[in-house]
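Below, chains carry the letters A, B, ... as their sequence lines are ordered, and counting in each starts from 1.
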Amino acid sequence: MAIEIYNTPTKKKQIFTPLNEGKIGMYVCGVTVYDMCHIGHARSMIIFDVIARFLRKKGFQLTYVRNFTDIDDKIINKANQEGKPFNEISELYIKEFYTDMETLKVKRADKEPKATEHITQIIDLVKTLIEKGLAYESSGSVYFDVSKFKGYGKLSSRKQEDMIAGARVDINEAKDDPLDFALWKISKPGEPWWESPWSKGRPGWHIECSAMSTHYLGPTLDIHGGGRDLIFPHHENEIAQSEGAYGKEFVRNWVHNGFVTIDNEKMSKSLGNFLTIRELTKEHHPETLRLFLLSSHYRSPIDFSKDAIHTARGSLLRFYETLDRVASAPKTAKEPRLKTLLNEFDEKFDAAMCDDFNTAKAIAHIHDLTTGINRTIDANPEIADDDIQSLNASISTISEILGILEEAPKKFIDAHKRSGLVEIGITDKEIKEMIGKRLEAKKAKDFKKADEIRNSLLAKGIALKDTPSGTVWEKV
RNA sequence: GGCGGCAUAGCCAAGUGGUAAGGCGACGGUCUGCAAAAUCGUUAUUCACCGGUUCAAAUCCGGUUGCCGCCUCCA
């Protein structure tokens, strides 16, 4: 099935065809490493992780490049505040980034270039832009002359006149025009610097992405991604730089993800609702976070709340419980009973992913599959070996693409049960004893006592379930 | 002030021309000592509002209202 992807400048879904058949070059704007990553970063990283996984699964030879901005005003500020060299800050947060990504099961990109390691390419690109008359040097800094690039604004659907009318751009005397942006910044005393033809200085923010993407993927990228907020000015400026320098279409398909809000408010440090990945992964299973973030379409905004995460956890548990039912079903059926269901699922799941990476729809199909399996087992618990194999194949596709359902069902269910027992102030052993006492009461037909025991546990957040194979408990 | 996006049930959320996916919640049935889980059924004659195009509109066009984002660092 053909893959359709929404393209930001055309505002339409279009059939995706890479420049070179079978090969895809994808560049995603990574993070500026000056602080811990938050749930918004998690969303972006997970979405592009899923896109990369899916494209590979579809058989494309993908080269995925995701950069680190490791030199920047914010990094310098932080370094000054803490009295440390800037690279100590950037290195620390790169390390923390990797820790978080590993927890979230976000795979590494093929190339993860850092701006500071590509100063040569950056300087070459700036030189080219000056030679072409698209950039000018002023007081040791170099600026891109926006008026010389006719396509400026095509990504973000803005006209240059409108932007000037906006007049909320800062006034910098070195610039010819407020819309012009820095390619190279002369360094102030005490700031880090690199030698260049213009000054001891450092690259502007936008230039690194143009320089590094071309270095690793060539002048035309099949896919370029990042958060919505990067559309303007960052990506608009990248287009100006790259198309200005190389005269070729820079990006065939722009992909931008929506924001995460918290209880319907934008995340910000001043509001104090800044949720770091580190805090979240302490409390929630990574698959719960992934499922939550993937349960809305990537372009839509998504609101983080206790309720929403609770729902995601419930869904995940439902999936695992069904898988566990299948695993513990007698393998005595002669004929496969899940085949049609699974074939249908495989097709629909693929179709959903091909449709602009519609993970929300894909997850709905997992729910349908779960219902179908439960229904089949309810009617008759026997399962054929063939069914197990087909199901495993479908589940491993889900795992490979979405990065969920990778755990052994029993293990996941048990871990879920045990999580939070400490806070409740009860041990596994104590619960088992209570269950034993209740069983005795039940045998003696003392249902009043049995119910008392069950209710007292429920009050603590432990629910009991009587199953054919005995009583089990779980955390509410 | 400029530009852009969004508005689907109690809540979350798919659906971009062919007659409203999925989840949570709620209610009723099966199962159970009773529950829980699972399952079955019910839960939007209707997609913010007003016009228009069309045989046909949640989907396209125009307008109104509301919310959000970007224009300064930002996933």
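For the residue pair A:T471 / A:D466, a side-chain donor-acceptor distance below 3.5 Å is found, with atom types taken as modelled. For the residue pair A:E102 / A:T99, no side-chain donor-acceptor distance below 3.5 Å is found, with atom types taken as modelled. Side-chain contact annotation: A:Q14 with A:T10, donor-acceptor N/O pair under 3.5 Å present.
Closest approach to the A:D368 side chain among B:rG22, B:rG15, B:rC70 is made by B:rG22 (side chain taken as heavy atoms from C-beta onward). Distances were taken from every side-chain heavy atom of A:R158 (C-beta onward) to each of B:rC70, B:rA75, B:rA13; the shortest belongs to B:rC70. The side chain of A:R318 sits closest to B:rG23 out of B:rG23, B:rA75, B:rG15. Distance from the side chain of A:N374 is smallest to B:rA38 among B:rA75, B:rA38, B:rA21. Candidate nucleotides B:rG5, B:rA14, B:rC73 were compared by shortest atom distance to the side chain of A:K11, and B:rG5 ranks first. Checking B:rA13, B:rC24, B:rA75 against every side-chain atom of A:T311, the shortest atom distance belongs to B:rC24. Distance from the side chain of A:E321 is smallest to B:rA37 among B:rA37, B:rC40, B:rG33. For A:H38, the listed nucleotide lying nearest its side chain is B:rA75; candidates were B:rU39, B:rA75, B:rC34. Between B:rA38, B:rC40, B:rG4, one nucleotide has an atom nearer to the side chain of A:S157 than all others, and that is B:rG4. Nearest nucleotide to the A:T371 side chain, out of B:rA21, B:rU39, B:rA75: B:rU39.
Pairing of B:rU16, defined by two Watson-Crick or G-U wobble distances under 3.5 Å, is not identified with any nucleotide. The nucleotide B:rC73 finds no pairing partner, because no Watson-Crick or G-U wobble arrangement with both distances shorter than 3.5 Å includes it. Across all strands shown, B:rC49 forms a Watson-Crick or G-U wobble pair, both distances under 3.5 Å, with B:rG63. Here B:rU54 sits opposite no nucleotide as a Watson-Crick or G-U wobble pair (both hydrogen-bonding atom distances under 3.5 Å). Of all nucleotides present, only B:rC68 satisfies the Watson-Crick or G-U wobble test against B:rG4, with each distance under 3.5 Å. For B:rG28, the paired base is B:rC40 (Watson-Crick or G-U wobble, both distances below 3.5 Å). B:rA9 makes up no base pair with any nucleotide shown, lacking Watson-Crick or G-U wobble contacts both under 3.5 Å.
Phosphate contact (OP1/OP2 of B:rC70, side-chain N/O of A:K266, threshold under 4.0 Å): present. Contact between the side-chain N/O atoms of A:S300 and the OP1/OP2 oxygens of B:rA14 is found at a separation under 4.0 Å. Within the structure, every side-chain polar atom (N or O) of A:R454 is placed at least 4.0 Å from both OP1 and OP2 of B:rA36. Residue A:H367 places no side-chain N or O under 4.0 Å from the OP1 or OP2 atom of B:rG22.
Residue contacts shown for A:L458 are absent, as no nucleic acid heavy atom lies under 4.0 Å away. Residue A:R66 is out of contact with every strand shown, counting any heavy-atom pair closer than 4.0 Å. At a threshold of 4.0 angstrom between heavy atoms, the contacts of A:G40 include nucleobase atoms, whether or not backbone atoms are also involved. Note on A:V472: nothing from the nucleic acid sits closer than 4.0 angstrom, heavy atoms only. Residue-level contact check: A:G314 touches neither bases nor backbone, having no heavy atom under 4.0 Å from any strand.
As rounded to the nearest Å, B:rC71 and B:rC12 have P atoms that lie 27 Å from one another. Remark: the separation of the C1' atoms in B:rU46 and B:rA7 is 15 Å, to the nearest Å. Taking the P atoms as reference points, B:rG66 lies 31 Å from B:rC73, given to the whole Å. Rounded to whole Å, the separation between the C1' atoms of B:rG69 and B:rA75 comes to 13 Å. Between the P atoms of B:rU43 and B:rU65, the separation comes to 36 Å (whole Å). Atom P of B:rG62 sits at a distance of 44 Å from the matching atom of B:rA26, rounded to the whole Å. Between the P atoms of B:rA58 and B:rG2, the separation comes to 33 Å (whole Å). Between B:rU32 and B:rU39, the two C1' atoms lie 14 Å apart (nearest whole Å).
The backbone N or O of A:I239 lies less than 3.5 Å from no partner atom in the side chain of A:S242, so there is not a single donor-acceptor pair. A distance-only check finds a donor-acceptor pair linking the side chain of A:T359 to the backbone of A:L294 [under 3.5 Å].
A:R438 has its CZ atom 12 Å from the P atom of B:rC34, to the nearest Å. Atom CD of A:E452 is separated from atom P of B:rC34 by 19 Å (rounded to the nearest Å). The distance between atom CZ of A:F447 and atom P of B:rA35, rounded to the nearest whole Å, is 12 Å. In this entry the distance linking NZ of A:K361 with C1' of B:rG15 reads 7 Å, nearest Å. Rounded to an integer number of Å, the gap from CD1 of A:I262 to P of B:rC68 is 16 Å. Remark: P of B:rA75 and CE of A:M101 are 11 Å apart, rounded to the nearest angstrom. Atom CG of A:N358 and atom C1' of B:rU16 are 12 Å apart (whole Å). Taking atom CD1 of residue A:I373 and atom P of nucleotide B:rA37, one finds them 20 Å apart after rounding to whole Å.
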Take A:N257 and A:R228 through the test side-chain hydrogen bond (donor to acceptor under 3.5 Å, both in side chains) and record every step on the way to the result.
CA-CA 6 Å; A:N257 66 271; A:R228 282 196 82 84; over 6 Å; no
Stepwise, does the salt bridge (charged side-chain N to carboxylate O under 4.0 Å, His left out) test hold for A:D49 with A:R66?
CA-CA 10 Å; A:D49 177 52; A:R66 185 181 62 208; over 6 Å; no
Applying salt bridge (charged side-chain N to carboxylate O under 4.0 Å, His left out) to A:K361 and A:D356, what does each step give before you reach the verdict?
CA-CA 11 Å; A:K361 205 197 269 176; A:D356 196 24; over 6 Å; no
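On a pure distance criterion of 3.5 Å, no polar donor-acceptor pair joins the side chain of A:R299 and the base of B:rG4. With hydrogens and angles left out, the side chain of A:D451 and the base of B:rG33 share a donor-acceptor pair within 3.5 Å.
The aromatic rings of A:F412 and A:H285 stand perpendicular to each other, their planes meeting at an angle above 60°, with 30° marking the opposite boundary.
Nearest-nucleotide mapping onto RNA chain B: of A:D303 and A:D378, the residue sitting toward the 5' end is A:D303. Mapped onto RNA chain B by nearest heavy atom, A:F232 and A:D466 fall at different nucleotides, with A:D466 at the one closer to the 5' end.
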